[in-house]
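The structure appears below as structure tokens.
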Amino acid sequence: MKYTSKGPLVKGYNAMVTDQNPEMMGMDFGIYAMAAGDKANFDYAQEVVYDLLYGKVTLTWDGKSETVERKDCFHVGPIVLHVPENTAVTVECLSDKAEIAITKTANPKKFEARLLRDNDLLCANEARGKGIMNDISARLVRTFFDRSNCPETNFFIGEVVHEPGKWSSYPPHHHVEPELYYYKFLPEDGYGYGEIDDDVYKLRNNDLTGMPNGATHSQVAAPGYSMFYLWAIRLQDDKDIITTTDPQYAWCAEPDAKFFPDI
């Protein structure tokens, strides 16, 4: 599936995925866009991940309050508030604009609400793809958490930033769990392409793709434009995710793989 943005986001909540979509198997996702002075109150009967994409905001939850700022999601690491179900959260916008990605799923388990930054993440800035495939899949991966550092979660979630003209999630791979990707481009008028099995979608700023269980997927950015995407996987039962690379293309990532003009 693909959600196509209708131009700039409107102020307030921009819903993109709901738990009524069977391909996403219970995930909800949207972007809350704010202007200076706006205050929003949230209280969901779901596990929730609030990812500040950019802006300066004051977050209040569980008797705690903290003001945080993120210049943008390309150059600056994540600022993430992760809360269990029925946790009241208030967000006040202190900058001209701010955007918060909100990802939700059913989860009755109890855990401590946490505000996560670089040192709290499972992986803050992991360089992947260097030294293989002529660096054409070099990218920066930021993994917020999974069940290895938060056993109670039902999410495996994070961000990826990669350079203009390059691929990510290549060679194509698949897993039984559904996954969504939400995209930003720098500059904003950029584009890329995402493949889901044999279907290919042109991607622009604020677009979203959703991979049903078992579908292979990867993407590429146009030259001149960096591509960011937030990815979220809804983990099933108490099992860890198992990712399988498409065997037809797995050879490309071998350290001694030969490419044109050597073959």
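We count residues from 1, following the sequence as given.
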| request: Check for a donor-acceptor pair, side chain of R70 on one end and backbone N or O of K56 on the other, with a separation under 3.5 Å. | output: no
| Taking the six-membered ring of F228, is NZ or CZ of K184 closer than 6.0 Å to its centre and within 45° of its axis? | no
| message | As a test of understanding, state which of L121, L116, L53 forms a side-chain contact (heavy atoms from CB on, under 4.5 Å) with P78. | response | L121
| said: In this structure, is the centre-to-centre distance between the rings of H217 and H173 below 6.0 Å? | reply: yes
| message | For Y44, I'd like to know if atom OH has over 12 heavy atoms of other residues, nucleotides or ligands within 6.0 Å. | response | yes
| task | Verify the ring-centre separation between Y229 and Y182: is it less than 6.0 angstrom? | result | no
| field | Positive for side-chain contact (heavy atoms from CB on, under 4.5 Å) with L59, one of T67, V68, T90 | value | V68
| request: Please confirm whether W251 and F259 have ring centers closer than 6.0 angstrom. | output: yes
| query | Just wondering, are more than 12 heavy atoms of other shown residues or ligands nearer than 6.0 Å to CG in N119? | reply | no
| query | For D189, does the CG atom have more than 12 heavy-atom neighbours from other residues, nucleotides or ligands under 6.0 Å away? | reply | yes
| Between S218 and S169, is any side-chain donor less than 3.5 angstrom from a side-chain acceptor? | no
| query | Under a single-linkage definition using a 4.5 Å side-chain heavy-atom cutoff for Ile, Leu, Val, Met, Phe, Trp and Tyr, are I196 and V220 assigned to the same hydrophobic cluster? | reply | no
| field | N14 (side chain) donor-acceptor with V10 (main chain) under 3.5 angstrom | value | yes
| field | Side-chain heavy-atom pair D135, K166 within 4.5 angstrom cut-off | value | yes
| query | Does the ring centre of H82 sit less than 6.0 Å away from the ring centre of F145? | reply | yes
| query | Should the heavy atoms of other residues, nucleotides or ligands under 6.0 Å from NZ of K109 be counted, would the total exceed 12? | reply | yes
| Going by atom types alone, do E47 and T153 pair a side-chain donor with an acceptor below 3.5 Å? | yes
| request: For the pair D28 (side chain) and T18 (backbone), establish whether a donor and an acceptor sit closer than 3.5 Å, ignoring hydrogens and angles. | output: no
| request: Would you check if the distance from the ring center of Y50 to the ring center of Y32 is below 6.0 Å? | output: no
| message | Under 4.5 Å between side-chain heavy atoms, counting indirect links through other Ile/Leu/Val/Met/Phe/Trp/Tyr residues: same cluster for V80 and M27 or not? | response | yes
| request: Check the surroundings of atom NZ in K239: do more than 12 heavy atoms from other residues, nucleotides or ligands lie under 6.0 Å from it? | output: no
| Sidechain-backbone polar pair: Y13 side chain, G30 backbone, donor-acceptor under 3.5 Å | yes
| message | Taking CZ in F111 as the centre, count heavy atoms belonging to other residues, nucleotides or ligands within less than 6.0 Å. Is the count above 12? | response | yes
| Would a distance-only check, ignoring hydrogens and angles, find a side-chain to backbone donor-acceptor pair under 3.5 Å from E66 to K64? | no
| Residue E188 excluded, over 12 heavy atoms near CD under 6.0 Å | no
| field | Spacing of D207 atom CG and F185 atom CZ [to the nearest 0.5 Å] | value | 7.5 Å
| request: Would you sort out whether D38 and K11 count as a salt bridge (Lys or Arg N to Asp or Glu O under 4.0 Å), showing the intermediate values? | output: CA-CA 10 Å; D38 287 348; K11 195 164 80 164; 3.6 Å; yes
